[in-house]
Each structure stands twice: as structure tokens, then as C-alpha cells.
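Since we're looking at a predicted model, the values are computed, not measured. Proteins come first, then strands; the chains are lettered A, B, ... in the order of their sequence lines, and each starts at number 1.
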There are 2 protein chains.
Amino acid sequence: MRIGDLAARAGVSVRSLRYYEEQGLLVSTRSPSGQRQYTDKEIGRVRFIQRLYGAGLSSRTIAELLPCVDSPTAQNADAAWTQLHQERDRITQHIEELTQARDALDQLIVINREHRSRLAAR
Amino acid sequence: MRIGDLAARAGVSVRSLRYYEEQGLLVSTRSPSGQRQYTDKEIGRVRFIQRLYGAGLSSRTIAELLPCVDSPTAQNADAAWTQLHQERDRITQHIEELTQARDALDQLIVINREHRSRLAAR
DNA sequence: CTTGCATCTGACGTCAATGTCAGGTCTTAG
DNA sequence: CTAAGACCTGACATTGACGTCAGATGCAAG
């Protein structure tokens, strides 16, 4: 599987895949001519990376986490434990912030509705 | 109240306040010598802006929303209605994504715990 | 009056993930 | 074989919300 196929099947750009490799998030074997070769399991890996990005993790954080998933050792498992809980807390807090912000927006929506009905009444 | 005080009391940087003004989110009166003067109510406004930023709104979107809050007219109220609902939906979706991502992280945490206990048993 | 801190404008720096372009090589369908 | 399209590396461009610096001016305390 070449890079364009993986990009299409994982729903990301070719540029992003090369960037992931540059950041150590993704590995590829190379054809004799130097073209990247992927197997089907990379699709899942890329989607997984995407989800972590979606959660707001940086490529650096992801790069620190992935080795622990790939081949757990005592050291990286301990380091990962800290990271994982930090990120989990961060996400939880972010969700709370967003919920509050959405509540604020809802108040604006109420105000807006009042304005609209008042203006429409003229 | 000068810009440094407002910055301190609203919990943002002086640079940010000037940026907000540049983006049309904040207005200031000027002293004869050109220094920005603020009243206490700007504190709430800045905090409000911060919450919208926290919700992921861009300065452009905020700039489009604020006039409707400040002085509602038929036109901006209609435009704002669309914006508000779009942003509300976006936030809701974002919350869902984050929740999913947190679930994914929780699975990693479980895996990590297994690794740790397995490694600790040696 | 001076010293030192706050403020002003304007401009360039930053960071992260990606877009985009250039100039060259590979692969594949016809 | 050839042309088109995918791929390669390397590099510069982009976006947004600021940080930071320079050089000039304002302001309050001693």
C-alpha cells in the first residue's frame, strides 16, 4: 500500500502522513526506489493518531505515549501512566470549560430570541 | 483604569488587550496623551471574551457576535442567530469528540495498568 | 528635576500542523 | 515506449493569538 492509498483510506492528507513519520508517530518500510510502503494495520494506527490529535494532544505527547502502547517496558509504562492521567484530567477540564461556554452561548441565544421577537413585533 | 490594571484584574496580558482592540472586540477611550482608559465594566467584557475564546470561537466570530449583544438590530440579530446555533452545534460536537477521545485514553490507561502490574510481578 | 516604571506604536518572532511549490524520479496504462 | 499521474526531498508559506523588542513618551514619587 502506497502513501496515497493510506491517506485516502485513513482520511488524512499525504502531507500529514509524511509529517507523522517525521515526528516518529508512524513508520514505513521503503520500496527499493524509496517509496513508502504500508500495511492495512497502519490505517488503524493513523485513525488512532487522529483521535489523539482530536483530543488536543500534541505530536510530542503522542510520540511519548505510542512506544508504551507498542512495546511496554517498565520505564515507559511508568512515564506513560503520568502522561495518560495528566491528559485525561486535561480533557475532563476542557470538557467542563466547553460545557460552561455552551451554557453562556445558550444565554446569548435566549437574549437573541428576545431581541428577535421584540424587533419582529414592530 | 489603565491597561495594566485591566490586564491584571481580568487575568490577561496587556498584549492581549491591545490585540482585542485591534480585532474590534474591545474599545477604549484615550487620555489626552493617548493612553487607553477603561471602566470597571470592561473587566466583565474581557472575561466574557475569554470564555468565548475558551469555547474555541475565533476573534472574527466573536467580533461578529458582540455587536448583537451590545446593540441588537434586526439585521445583526438574524445573522447572530445563525452564528450562535452554528457555534453551539460545533461545541456540542467537540464535546462529543473529546468524550470519545477520553474513552480511548481510558482504554490506554487500562492497558497501561495491566502492563504495569505484569511488569511489577517479575 | 530625575529616576524608574507604565504606556505607546510598529514590527518581527513563535509554535504546530499542514499547504504548497519546485525539480526530479517511479510506476503504470495504453 | 511514452505520457500521465503518484511519489520523493527540501524548503518556504500559512494561520491565530499572542510574546517580545525597540525607541519614544507619560506619569508618579522622592
Side-chain angles (χ1 to χ4, degrees), chain A residues 1-39 42 45-66 83 87 90-91 94 97-98 101, chain B residues 1-39 42 45-66 83 87 90-91 94 97-98 101:
Chain A
M1 188 186 207
R2 295 198 294 168
I3 197 171
D5 298 326
L6 177 57
R9 295 175 68 182
V12 301
S13 72
V14 167
R15 178 68 174 90
S16 294
L17 293 181
R18 289 200 268 249
Y19 178 72
Y20 296 166
E21 181 169 325
E22 190 183 322
Q23 299 302 308
L25 310 183
L26 193 61
V27 282
S28 63
T29 59
R30 297 297 186 110
S31 77
S33 66
Q35 299 203 345
R36 293 172 177 82
Q37 302 280 173
Y38 301 98
T39 64
E42 319 298 339
R45 188 179 181 90
V46 171
R47 293 218 175 107
F48 180 64
I49 291 171
Q50 284 287 104
R51 299 192 74 165
L52 295 185
Y53 270 123
L57 305 215
S58 70
S59 61
R60 210 167 79 87
T61 304
I62 300 176
E64 286 166 13
L65 244 34
L66 286 179
Q83 280 280 3
E87 296 300 333
R90 196 185 48 71
I91 293 174
H94 196 180
E97 283 171 18
L98 283 178
Chain B
M1 186 185 208
R2 295 198 293 170
I3 197 171
D5 299 326
L6 178 56
R9 296 175 67 182
V12 302
S13 72
V14 167
R15 178 66 174 91
S16 295
L17 294 180
R18 289 200 267 250
Y19 178 73
Y20 296 167
E21 181 169 324
E22 190 184 321
Q23 300 300 309
L25 310 183
L26 192 61
V27 283
S28 63
T29 58
R30 297 298 186 110
S31 77
S33 65
Q35 299 203 345
R36 294 171 176 83
Q37 302 281 176
Y38 301 98
T39 65
E42 319 298 339
R45 188 179 181 90
V46 171
R47 293 218 176 106
F48 180 64
I49 291 171
Q50 284 287 103
R51 299 193 73 165
L52 296 185
Y53 270 122
L57 306 215
S58 70
S59 60
R60 211 168 78 86
T61 304
I62 299 176
E64 286 165 14
L65 244 35
L66 285 180
Q83 280 281 3
E87 295 301 333
R90 197 186 48 69
I91 292 174
H94 195 180
E97 283 171 18
L98 283 179

Nearest whole Å is fine: how far is [N] [atom2] from [X] [atom1]?
{"X": "B/E21", "N": "C/dG10", "atom1": "CD", "atom2": "C1'", "value": "15 Å"}
{"X": "B/L17", "N": "D/dG19", "atom1": "CG", "atom2": "P", "value": "10 Å"}
{"X": "B/R18", "N": "D/dC18", "atom1": "CZ", "atom2": "P", "value": "14 Å"}
{"X": "B/I3", "N": "C/dT9", "atom1": "CD1", "atom2": "P", "value": "9 Å"}
{"X": "A/Q37", "N": "C/dC26", "atom1": "CD", "atom2": "P", "value": "14 Å"}
{"X": "A/Q50", "N": "C/dT18", "atom1": "CD", "atom2": "C1'", "value": "11 Å"}
{"X": "B/L25", "N": "D/dG16", "atom1": "CG", "atom2": "C1'", "value": "13 Å"}
{"X": "B/L52", "N": "D/dA17", "atom1": "CG", "atom2": "P", "value": "12 Å"}

Next on the checklist: Base, sugar-phosphate or nothing for A/S59? Non-hydrogen atoms, less than 4.0 Å.
Outcome noted: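 Counting heavy atoms under 4.0 Å across all strands, the contact made by A/S59 is with sugar-phosphate only.
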Checklist entry - Within the structure shown, what part of the strands sits under 4.0 Å from A/R30 by heavy-atom distance: base, sugar-phosphate, or nothing? => result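 Sugar-phosphate, no base atom in range.
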Item to check | From CA spacing to verdict: side-chain contact (heavy atoms from CB on, under 4.5 Å), B/M1, B/Q37 | outcome: CA-CA 5 Å; B/M1 186 185 208; B/Q37 302 281 176; 5.7 Å; no
Checklist entry - Start at the 5' end of DNA chain C and walk down; is the nucleotide closest to A/E22 or to A/P32 reached first? => result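 It is A/E22 whose nearest nucleotide is closer to the 5' end.
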Checklist entry - For DNA chain C, whose closest nucleotide is more 5', that of A/Q35 or that of A/L57? => result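 Nearer the 5' end of the strand: A/L57.
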Identify which nucleotide among [options] has an atom closest to any side-chain atom of [X], counting heavy atoms from C-beta outward.
{"X": "A/R2", "options": "C/dA11, D/dA6, D/dC27", "result": "D/dA6"}
{"X": "A/S33", "options": "D/dA17, C/dC26, C/dT7", "result": "C/dC26"}
{"X": "A/S13", "options": "C/dT18, D/dA17, C/dT7", "result": "C/dT18"}
{"X": "B/R15", "options": "C/dA17, C/dT7, C/dA11", "result": "C/dA11"}

Checklist entry - Just how far is it from atom CG of B/L25 to atom CD1 of B/I49, taken to the nearest 0.5 Å? => result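 Atom-to-atom, B/L25:CG and B/I49:CD1 are 5.0 Å apart.
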Indicate whether OP1 or OP2 belonging to [N] is found under 4.0 Å from a side-chain N or O atom of [X].
{"X": "A/R36", "N": "D/dC8", "value": "yes"}
{"X": "B/Y19", "N": "D/dG19", "value": "no"}
{"X": "B/S16", "N": "D/dC18", "value": "yes"}

Checklist entry - Which residue lies toward the 5' end of DNA chain D, B/R60 or A/G4, if each is placed at its nearest nucleotide? => result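 Result of the comparison: A/G4.
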Item to check | Cationic N near anionic O, under 4.0 Å, B/R45 to B/E42 | outcome: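 The answer is no: the pair does not qualify as a salt bridge.
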Next on the checklist: Looking at B/R18 and B/E22, is any side-chain nitrogen of the basic one under 4.0 Å from a carboxylate oxygen of the acidic one?
Outcome noted: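 No, B/E22 and B/R18 are not salt-bridged.
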Next on the checklist: Assess the residue pair A/V46 and A/Y38 against the criterion (side-chain contact (heavy atoms from CB on, under 4.5 Å)); give the C-alpha distance rounded to whole Å, side-chain angles, the decisive distance to 0.1 Å, and a yes or no.
Outcome noted: CA-CA 11 Å; A/V46 171; A/Y38 301 98; over 6 Å; no
